[in-house]
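Structure first, commentary second.
Counting begins at 1 with the first residue of the sequence. As the structure lists them, so they are numbered: ligands from 1, and atoms in each ligand from 1.
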Amino acid sequence: MTSFAQARAHAEALRKEISAHDYRYYVLDDPTISDAEYDRLFSELVEIERLHPELATVDSPTQRVGSVPQEGFATVRHSTPMLSLGNAFEDDEIRAFDKRLREALGAEIIDYAAEPKFDGLAVSLVYEHGRLQRGATRGDGTTGEDVTPNLRTMRSVPLVLSGSAPPREIEVRGEVLMYKRDFQRLNARQRDAGEKEFANPRNAAAGSLRQLDPRITARRPLRFVGYGVAALENGRWQNHAEVLDWLTELGFPVARDRSLVAGVEGMLEYYRTIGARRERLPYAIDGVVYKVNRLDWQRMLGFVSRAPRFALAHKFPAEEALTEVLGIDVQVGRTGALTPVARLKPVFVGGAKVTNATLHNEEDLLRKDVWVGDTVVVRRAGDVIPEVVRVQQKGRRDESDRFRMPALCPVCRSEVVRVPGEVATRCTGGLFCDAQRKQSLLHFSSRRAMDIEGLGERLVDQLVDRNLVRTPADLYRLKHAELAGLERMGDKSAQNVLDNIQKSRHPHPARFIFALGIPGIGEEVAKILARHFRTLGALETADWKRLASEKEAIRKDNARRKKRGEAAVPVPLEGVGPELMNSLEKFFRELHNRDVIMRLVDPAFGVVLEARPPEAGPASAAKTFVLTGSLPNLSRDAAKAMIEAWGHRVAGSVSKKTDYVVAGDDAGAKLEKARELGIPVLDENDLHKLLEGH
Ligand code: IVH
């Protein structure tokens with residue numbers, strides 16, 4: 001009889017041994033035992049834990065078989081946003097990147113950490129006191145999905161950090177991917193089981209990680225590769241390469257094929273070497289990534305919009321393939337643009353099966369002279385929409401194979417027009433056209449607009465087809481019974497959708513303006529407009545011609561001032577050019593648009609816009625805010641946008657220059673730092689009060 005103490009000691013030893021083998025296998029890529037021996041150790045541990053369930057700790061490798069299925073994924077707000085990378089294809093773009101950075105840093109030559117650009121999906125792993133607490137997908141960069149139980153099943157994700165002194169808190173960022181040979185095996189297994197095969201390793205990795213049942217994820221051969229640490233504390237490490245070495249000490253696999261290179265020549269040589277080895281690498285990549293190695297330089301360079309200025313992705317050229325055009329269809333977009341789309345004989349290109357490829361517009365199609373029956377070159381890079389590049393061989397039989405832009409919209413039968421000076425052919429049906437209605441509703445509810453979760457394509461199709469919703473204003477008048485009667489809509493999901501619609505009733509004005517879907521008005525311009533016009537009424541009734549001439553006058557005046565060596569006067573609505581003003585004027589002139597807006601802001605049903613900020617005050621009144629943790633109602637993006645809309649700044653890290661720290665749940669090091677420096681800490685409520693001045 002083994003005593004309990006002996007069993008505990010044995011379990012402990014087995015756990016250590018198994019983790020050490022995981023480390024050898026995944027991090028060092030140098031296993032010292034066979035799979036069968038590994039399995040034997042594993043079964044031994046399972047057996048002990050079966051006899052003594054109290055020994056089965058959450059961090060035991062046996063827990064990697066996966067816990068109980070979940071109802072859905074919770075959303076997680078990332079402590080610092082998960083950014084994207086700037087892209088380049090040509091050598092000259094790399095030269096320009098290096099030149100820009102050398103000038104900004106005043107450096108002769110820059111050392112870059114060069115790494116493969118893994119074609120998987122980005123995740124973040126949060127460890128506290130050395131234990132895995134939470135793992136999330138990138139999502140939109142600000143919020144992702146909590147996939148902790150699934151990440152726990154992956155043997156390359158340490159449950160407990162190794163190394164002599166693991167940090168108290170660390171958030172490791174990296175990629176989840178599937179090795180090519182594992183992907184082949186998985187697909188063979190899927191095929192044998194009569195299940196759906198995956199198009200490429202990336203889709204297989206994404207599909208496997210986003211399983212509601214972690215036991216399914218546990219059976220999928222996923223791997224994690226670390227490439228960075230979020231909000232790295234200042235001072236401990238001098239460069240990126242050291243950080244990656246540290247990650248391996250903590251138990252994380254990092255790219256073996258990484259390299260430290262000097263300047264442009266070093267980067268280009270790395271690109272060519274990796275490019276030549278691409279096919280033979282065990283994992284799929286779509287390019288390489290260069291990062292300035294010195295961390296102090298990284299900090300100096302900072303970020304532009306949603307990407308770091310100190311890093312760049314150098315992508316491999318898009319893959320091309322030949323296939324036949326079976327037909328040419330026409331799709332109608334949100335702004336009514338008619339897009340010819342080639343229906344293709346299915347072909348594998350850029351790691352996925354392609355059945356449709358855009359031909360952009362009539363002009364493009366005529367220039368490329370694509371006919372039905374032709375053999376064409378199609379191109380696809382990663383997530384990019386596949387396109388027809390050129391005709392390889394004519395296969396047309398007669399005139400009927402030539403494409404003609406229809407005279408009537410294929411969806412609503414309204415007339416179509418080619419606006420002089422524009423390449424697009426447009427349906428004149430406006431919101432009378434169901435295709436445009438659907439697209440504009442999807443845009444209205446999209447994440448970066450009103451962020452109404454659950455209002456996806458399938459639901460919008462049904463709502464419009466059954467005439468339950470004609471404009472965004474109707475969303476706020478939907479009834480439970482109407483929703484619950486739709487396909488795939490139970491009582492509960494109907495209620496969820498209604499709740500999410502209600503939650504969207506207090507948007508930031510800039511999001512609201514963006515959500516209206518005014519042609520040409522993106523997020524940035526919407527922010528400028530929100531800042532300039534204090535009320536929606538002022539925006540709706542703006543005299544755009546007068547504004548345009550005022551702007552012009554100030555510009556001319558500034559030119560004169562410059563000559564006289566005087567300071568320039570700020571130009572109002574900088575960034576909103578004549579074309580956009582034209583678009584705004586047209587939009588607000590349309591009676592039906594005004595009608596929709598009126599119904600949208602009906603206080604009884606619709607959207608309530610917050611009291612509006614004053615014009616940005618004098619520079620001295622502009623304060624610097626730092627956000628940390630997750631706020632109860634505002635996403636990171638929304639809080640930032642709101643603060644900026646009131647003319648203040650948002651910074652990434654706490655320093656003596658910080659005026660306020662806004663802290664939510666799970667606030668970490670930034671909150672501590674604020675307390676250390678005696679900087680006022682606000683919650684979400686305080687923030688509203690402070691901004692609105694009461
Ligand atoms: S660093 C600040 N390194 O590329 C941005 N990203 O386009 C942090 N990716 O979402 C990314 N391999 O999923 C970095 N070696 C690598 C990468 C890599 C793949 C992905 C990552 C990110 C996307 C950005």
How does [X] reach ligand 1, by side chain, by backbone, by both or by neither, if only non-hydrogen atoms under 4.0 Å count?
{"X": "Leu85", "value": "both"}
{"X": "Met82", "value": "neither"}
{"X": "Pro116", "value": "backbone"}

- Task: Show your working on side chain to side chain contact (heavy atoms under 4.5 Å, CB included) between Ile452 and Phe444 and close with a plain yes or no.
- Result: CA-CA 8 Å; Ile452 307 177; Phe444 183 82; 4.3 Å; yes
Any atoms of ligand 1 less than 4.0 Å from a non-hydrogen atom of [X]? List them with their elements.
{"X": "Glu115", "result": "3 (N), 15 (N), 16 (C)"}
{"X": "Ala122", "result": "10 (O), 13 (O)"}
{"X": "Pro308", "result": "2 (C)"}

Please check this pair: side chain of [X] against backbone of [Y], looking for a donor-acceptor N/O pair closer than 3.5 Å.
{"X": "His78", "Y": "Thr137", "value": "yes"}
{"X": "Glu269", "Y": "Glu265", "value": "no"}
{"X": "Asn87", "Y": "Lys315", "value": "no"}

Heavy-atom contact under 4.0 Å between Gly120 and ligand 1?
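Not so, Gly120 does not reach ligand 1.
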Nearest neighbour in protein (non-hydrogen) for [atom]:
{"atom": "atom 4 (O) of ligand 1", "result": "Lys117 NZ, 3.2 Å"}
{"atom": "atom 12 (N) of ligand 1", "result": "Phe118 N, 3.0 Å"}
{"atom": "atom 3 (N) of ligand 1", "result": "Lys291 NZ, 3.0 Å"}

| query | Can you say whether the rings of Tyr290 and Tyr270 are parallel (under 30°), tilted (30 to 60°) or perpendicular (over 60°)? | reply | perpendicular
Out of His240, Glu175, Gln298, the nearest non-hydrogen contact to atom 9 (N) of ligand 1 is supplied by Glu175
**Asked** Got a salt bridge between Asp182 and Arg185, using NZ or NE/NH1/NH2 to carboxylate O under 4.0 Å?
**Response** yes
Query raised in the report: Quick one: does Tyr227 get an N or O within less than 3.5 Å of an N or O on ligand 1?
Result: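 Yes.
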| Pair Tyr127-Leu250, side chain to side chain contact (heavy atoms under 4.5 Å, CB included): steps then yes or no | CA-CA 11 Å; Tyr127 289 80; Leu250 295 174; over 6 Å; no
Which of Arg256, Arg258, Lys291 passes salt bridge (charged side-chain N to carboxylate O under 4.0 Å, His left out) with Glu115? Answer is Lys291
